[in-house]
Amino acid sequence: MKIKSLVDGATVNDALLTIVGGALRKYLESKREAIGDLLVAMAPISVRSGEGKNAGGNQVAAMTVKLVNDIADLLKRLAFVHHSASSSKEMKKAVDAKLI
């Protein structure tokens, strides 16, 4: 996905959330609805520790990310989503997986 390469460190998930935010913006515009109302997506995030990466099964938690529909510019929207997702991931790392 070439979009993710527009922002240093952005992931495929960041790009997908950016695209969804833009699609929601277009949809809301077509319905003459308010743009900028807070829309939040829940996305899975791995909470497996480094030592358990090769073990079977999944250890996941949910993180929330704002679907940015109030920023029209794709690059600015991607940068915002990447920063928001990165901040959320860092917060999850601070919490032990078993506590989640």
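- Closest heavy-atom contact between I35 and R25: CG2-NH1, 3.3 Å.
- The side-chain contact (heavy atoms from CB on, under 4.5 Å) check on V20 picks up L24, L67, with sequence neighbours excluded.
- Annotation: the span from K26 atom NZ to N69 atom CG amounts to 13.5 Å, rounded to 0.5 Å.
- Between L17 and A41, the closest heavy-atom pair is CD2-CB, 4.1 Å.
- For the pair T18 and V68, the minimum side-chain heavy-atom distance is 4.5 Å or more.
- For the atom pair I3 CD1 and I19 CD1, the distance stands at 3.5 Å (nearest 0.5 Å).
- Pairs passing the salt bridge (charged side-chain N to carboxylate O under 4.0 Å, His left out) check and including a residue from residues 67-85, sequence neighbours excluded, read K66-D70.
- Closest heavy-atom contact between L28 and A34: CD1-O, 3.7 Å.
- Contact detail for D8 and H82: the closest heavy-atom pair is O-NE2, 3.7 Å.
- Taking both residues in full, the closest heavy atoms of L75 and L6 are given as CD1-O, 3.5 Å, listed atom of the first, atom of the second, then distance.
- Scanning both residues, D14 and V81, for their nearest heavy atoms gives O-CG1, 3.7 Å.
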